[in-house]
Each structure stands twice: as C-alpha cells, then as structure tokens.
Amino acid sequence: MAEHSAPPIDQLSAVALNDDASTYKSLKAEFSDRVPIRTIVCRPDGGSGLAGHKVRVGGWVKTGRKADKDAFAFLELNDGSCPQNLQVIIEAAVADLGQIVPTGTCVVVDGVFKLPPPDKHQKIELRAEAVVHVGPVDPARYPLPKTKLTLEFLRDVVHLRPRTNTISAVARIRNALAYATHTFFNKHGFLYIHTPIVTTSDCEGAGEMFQVTTLLSEAERLEKELIKNPPPSEAEVDEARKIVKEKGEAVSNLKASKASKQEIGASVSELKKAKENVARLEERAKLKPGIPEKDGKVDYGRDFFARQAFLTVSGQLQVETYACALSSVYTFGPTFRAENSHTSRHLAEFWMVEPEIAFADLQDDMNCAEAYVRFLCQWLLDNCLDDMKFMADKYDRTCIDRLKLVSSTPFVRTSYTEAIEILEEAIKKGKEFENKVEWGIDLASEHERYLTEVVFKKPVIVYNYPKGIKAFYMRLNDDSKTVAAMDVLVPKVGELIGGSQREERFEVIRDRIKEVGLPLEPYEWYLDLRRYGTVKHSGFGLGFERMLLFATGIDNIRDVIPFPRYPGRADL
C-alpha cells in the first residue's frame, strides 16, 4: 500500500520553521501544488505554530459570508483530507466576493497564516493574498444547499454527495478499514488473491445471481441486421447449389478431356468459390431472430463464454484453490446478489473480505476472525478518531465506546444449541421476538442482537449450526446434524462475519452437493481439491459494508458504499 503523501501529524509540530520555503515544502502534498488542510488543522497545536508563513490551499467552500459592508468575506474551506475546515479571509480587493462565497465553489488561494482573536474556536486562519483559481457555482441550481440534508435525499445526488460532511467522513473511514484489512493480513503472512467477478459456480447455492450474457445484445444486433440484409430464400440457396454442381461437372469434363493444368486449375478455383458461397448462404439461411435455442432450451453454447455465467456472490470457492497451494490467502472485492430486497441491510453490489487458511480448523478460524475484527476497531481508534468523533456527534454517540469495547474485550463463544436455549429461556421470562425460536432456525437479526447487546453485552461467536441452514461446503460434524460453522455477532448489526471449517473429505462433500440439489458437473474442479492432496482448511467472510455500519452507527447500508446498487437504482 502507498504511504500517506502528507507527513504524520505528530511530526508536523516539530518541523523547523526557518523560512516560508522550507515550511511549504514540508507541508505540501507530494503530487499537487497545495498544502492539504489536514496537515494544518490536525497538528497538535491546531496550526497556530504556522502563523506568519505563506501557503497555498485549495478546497470547496462549505459556508461563505460577506462581512463589514462587503469589504471582505469569511470562507470555511474543506478539501476532504479531514473533517475540519480551514477559515480563509479574503478582502474585496483580492477577488470578486460574490463569486467565491456560494457553497460548493472551488477555490485555490495563496495567503499568510494569521492567529485569530483569542475568543475564536479555530487556532489558525488564512488571510488571502491572491485567489489562483475559482470554480464557480450557481447557488440557484446547486443541489447541495447549506441546509441540513437527509441521507435519503443525498442518494439522489450520488455524484455530489462526497462533498457533504457525512459521506466524506464515511469515505475516509472506509479507506482506513480497507488499509487496515490489507495491513492485518499481510502482517500475518496472507497473500492477496484476485478472484474472478464473472463465475460459473454458485457459492451460496441460493440461485439469486446476476446472469452475464451477450445473447440479448446479439439477438438485438441480429434482428436489425436481418431487417437490413434479409437471409437468402430457399430458392436462392438451391440456385447456388446448382451452380456448384455445374462447376463440379465442368471440372470433371476438363479432366476427362485432358485439358491443361492451367485450365483445370482455373475451373477448380471457380468451384471452390461457388462452394464457399453456398456455405455462406446456408449459414445465413439458418439465422433466425430471437434467443438461440437447443432442444427447447436456451442454447448457452452460443453465448460469450459458451456456458451460463454469473456475477459472483463470493470469491470463497475460487480462493480455496490458492489456499490449497499457498496456505494462507485472502480475497477482497465486490460481490453481487440479485435479491429483490429493499431493506436497510441489503445491497445488490457489496464488498466481501474472505480469508482462507490451510491446515486450520474451526478453532483457528474463530481466532483469526476475532483478531481481525479487534484489529479493525483499534485501527479506527488510532487513525480515524476525528471522523469517529463526527459520527458520535451526528449519528451514534455510542460508536466510539463500541469500538473500544470490541477492540479490548475477548469474544464470548457459545454453540448454536446453547444460544437457542438462552433465547428460549428469555421467552419463558417474558421476552417477545417477532421471529420464532426453535432449534433448526436461522437466527434472525433480533436474536443475534439480543445475544450480543442484552445477554453478553459484548461480541459473541456462535458455532456448530444445523447443517440444514448452512452451505454444502461446511464440514459435517460427527453428530451428522450440525456443521463446523461460526458466525461473529456484534452490537448494532448482529452478524458481521460468517465462516466455517471446509469439508475436506471427498465422499462427504460430493454427497452434500447432491443432497442440496446442486449438479456435480460445475463443481468438479472444486471436488478436485479433495481428490488430489486434500487438506484441512477454514475461512470466513466479512461483509465490508456491515463493518462500516457497525463502526459508524449509520442505519442504512446504502449510505456507507460510494455508489449503492439496489433494486431500481444503479446511478452512474
């Protein structure tokens, strides 16, 4: 991963401020001619130590107002590098104030740092000497006015919503979690594997997959082409065949009359052209508008991949191939599910982190999952505290405490059977759940949150689930009723991670595939991992957006992914 372009904040206060040139060089962004606002306002002294020095900054106006009878203007400028704004003061003699004060305007300013009056909350402000660039905004048309905007409204302006405080904070937190993910797995010797987006296997066996096909576009193209250039009639094909016959007879006659090689060669060449013409006509005569069929079914042999293909719901099956060769691996990428759901917890496109560990059992899997989640929480506390404070102030006052709890507390581990008994006991004492509680159910979110928020008041790992509610690849336990599966449950969101020890026994997994009604043929390659050098291995998947919901306290998953895709919406 690339290092941050700006020097660490704790080093900035120690910069030797000998002159403006050295100060500017020490603060400047590495690949643009400006100083990120983060390197100014996030210093331990809040930037006050920079007073008297010249600098260039750029950003977008959060709020702007004229003052002292339009003699000057105050701008709150933000460039996305941190939640805090930099106050910029611009005199009317320096720039057209009416053009630069509207919210959303982009400005690049050269100026000198000044200490504000003692009663002001900011530690430093910039007095502009020159406005280098203005990207103007028409306030009457700009979709993001200064007024408070709902997250639901912002989904309709997905291309502009990163300019808001909330979405920019989410973006920085998301970036931090992604960086932390790669850091954690690299630190523990895992290799990052890029698994395919287009797949021919259904990992979940649920069938709710987006199909990838060119048959529809090809059918449209063919229909237009046939209208423009109709296929030959049967009579035209027969006429062409007649010509082939005539040309063939001509060749035979020339050979019989012992004509010259030159004459025979020319005649053979004409025959060859006639045959090629017949082949083209016969092929075009077969063309029919619509989706190609074979034996009354769609002929996927004519599709781009010569078989059915889908957008992946998980990279797990594919990454197992590398785990069974490189031992410790992980994949981190987008996954897709064509589930027609409009809940606040579902997306059609979402990101998954999926490690896979060879020579590891369920206990090892749980240990890795717990260590990873705790690492993510501590990373946010250490590296994103300013954004987390914003989230605590605006959305969930308990979010920082939740991160501290999870990062510092060993997770409770309880079997599925024990969890059901706890829920049943709660019902006996008067607790009411919307969803029925009995052995064999898939725990609902309300059950998961009750266990982690009310019963244990800390993260919980539930393991050994009934085989009927889990995927075919999970290792069958000795009781033949449960599988070596585990879910990590956390406050606020319930299930954060789902994982298992994988079934490494060839006969058992072959029978499980049949038992759940899946065809064997698409999984023959997966069975090969058990046929040849099978190994005990385990893994899990963390829903990246769920981790963001847990961390930020935001309620709707559509607000923690940059470009949300859900039924009816795929903007940009």
Side-chain angles (χ1 to χ4, degrees), residues 1 4 8-10 38 42 82-84 151 165-185 187-188 332 344-345 350-353 355 366-413 445 448-462 487-499 540-557 559-561:
M1 299 290 291
H4 291 296
I9 296 302
D10 57 359
R38 171 184 174 273
C42 293
C82 65
Q84 294 91 330
L151 294 177
N165 295 334
T166 296
I167 301 303
S168 61
V170 169
R172 288 186 293 268
I173 293 169
R174 187 181 178 101
N175 172 73
L177 288 173
Y179 189 90
T181 292
H182 291 299
T183 301
F184 174 84
F185 287 114
K187 175 183 173 185
H188 292 287
F332 178 15
S344 61
R345 291 291 185 269
F350 51 97
W351 284 62
M352 292 290 293
V353 179
M366 291 190 286
N367 292 343
C368 181
E370 178 173 343
Y372 172 48
V373 172
R374 293 177 67 175
F375 183 87
L376 292 181
C377 293
Q378 190 61 49
W379 187 276
L380 290 182
L381 292 170
D382 293 341
N383 297 281
C384 249
L385 192 56
D386 50 357
D387 284 308
M388 289 308 307
K389 286 178 178 177
F390 172 83
M391 289 296 165
D393 180 52
K394 300 297 182 183
Y395 291 97
D396 184 353
R397 58 186 176 82
T398 66
C399 65
I400 293 176
D401 291 337
R402 194 163 56 244
L403 291 179
K404 289 178 178 177
L405 169 72
V406 174
S407 66
S408 62
T409 307
F411 294 7
V412 172
R413 300 187 186 186
S445 179
E448 295 166 342
R449 293 187 63 178
Y450 181 79
L451 290 170
T452 188
E453 294 174 10
V454 179
V455 178
F456 296 109
K457 296 182 173 62
K458 61 179 68 174
V460 181
I461 303 180
V462 179
D487 288 344
V488 178
L489 314 180
V490 294
K492 179 72 179 175
V493 299
E495 182 191 337
L496 181 63
I497 281 177
F540 62 81
L542 173 137
F544 198 60
E545 284 73 33
R546 287 200 171 197
M547 181 64 205
L548 277 149
L549 291 178
F550 164 75
T552 63
I554 285 177
D555 289 324
N556 198 307
I557 199 167
D559 303 318
V560 294
I561 191 168

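When a residue number appears, it is its place in the shown sequence, counting from 1.
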Considering all heavy atoms, the nearest [X]-[Y] contact:
X: Ser407; Y: Lys404; answer: OG-O, 3.1 Å
X: Phe540; Y: Cys368; answer: CE2-SG, 3.8 Å
X: Val406; Y: Pro459; answer: CG2-CG, 3.7 Å
X: Val560; Y: Leu548; answer: O-CD1, 3.5 Å
X: Met388; Y: Cys399; answer: CE-SG, 3.7 Å
X: Met391; Y: Ala169; answer: CE-CB, 3.8 Å

* Residues Glu545, Arg174; criterion salt bridge (Lys or Arg N to Asp or Glu O under 4.0 Å); working and verdict -> CA-CA 9 Å; Glu545 284 73 33; Arg174 187 181 178 101; 2.7 Å; yes
Quick check for you: to the nearest 0.5 Å, what is the distance between [X] atom [atom1] and [Y] atom [atom2]?
X: Leu403; Y: Leu380; atom1: CG; atom2: CG; answer: 5.5 Å
X: Phe350; Y: Ile557; atom1: CZ; atom2: CD1; answer: 8.5 Å
X: Leu405; Y: Cys377; atom1: CG; atom2: SG; answer: 9.0 Å
X: Phe185; Y: Phe375; atom1: CZ; atom2: CZ; answer: 10.0 Å
X: Met366; Y: Arg413; atom1: CE; atom2: CZ; answer: 5.0 Å
X: Ser408; Y: Arg374; atom1: OG; atom2: CZ; answer: 7.0 Å

* Asked: Quick one: which of Tyr372, Phe332, Phe550 gives a ring-ring contact (aromatic ring centres under 6.0 Å, His included) with Phe544?
  ->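 The residue from Tyr372, Phe332, Phe550 that satisfies ring-ring contact (aromatic ring centres under 6.0 Å, His included) with Phe544 turns out to be Phe332.
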* Test Asp386 against Arg172 for salt bridge (Lys or Arg N to Asp or Glu O under 4.0 Å), laying out the working first. => CA-CA 10 Å; Asp386 50 357; Arg172 288 186 293 268; over 6 Å; no
* Leu151/Asn556 under side chain to side chain contact (heavy atoms under 4.5 Å, CB included): CA gap, chis, key distance, verdict -> CA-CA 9 Å; Leu151 294 177; Asn556 198 307; over 6 Å; no
* Asked: Looking at Val490, Thr452, Leu549, Leu376, which one forms a side chain to side chain contact (heavy atoms under 4.5 Å, CB included) with Leu496?
  ->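 That would be Val490; it is the only one of Val490, Thr452, Leu549, Leu376 passing the side chain to side chain contact (heavy atoms under 4.5 Å, CB included) with Leu496.
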* To do: Would you sort out whether Thr552 and Asp396 count as a side chain to side chain contact (heavy atoms under 4.5 Å, CB included), showing the intermediate values?
  => CA-CA 7 Å; Thr552 63; Asp396 184 353; over 6 Å; no
* Flag the pair Thr166 / Ile554 as yes when at least one side-chain heavy-atom distance between them is below 4.5 Å, and no otherwise. =>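 They are in contact (side-chain heavy atoms under 4.5 Å apart), so the answer is yes.
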* Does the side chain of Pro410 come within less than 4.5 Å of Lys458's, by heavy atoms? ->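 The answer is no; the side chains never approach within 4.5 Å.
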* Asked: Is the backbone N or O of Arg38 less than 3.5 Å from a side-chain atom of Gln84, with the two atoms forming a donor-acceptor pair by type?
  ->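 Flag not set: sc Gln84 to bb Arg38 has no pair under 3.5 Å.
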* Could you tell me whether the side chain of Arg449 and the main chain of Lys492 form a donor-acceptor pair under 3.5 Å? =>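 A pair under 3.5 Å: yes.
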* To do: For the pair Ser344 and Asp555, evaluate side chain to side chain contact (heavy atoms under 4.5 Å, CB included) and give the outcome as yes or no after the intermediate values.
  => CA-CA 7 Å; Ser344 61; Asp555 289 324; 5.8 Å; no
* To do: Show your reasoning for whether side chain to side chain contact (heavy atoms under 4.5 Å, CB included) applies to Trp379 and Thr183.
  => CA-CA 10 Å; Trp379 187 276; Thr183 301; 4.0 Å; yes
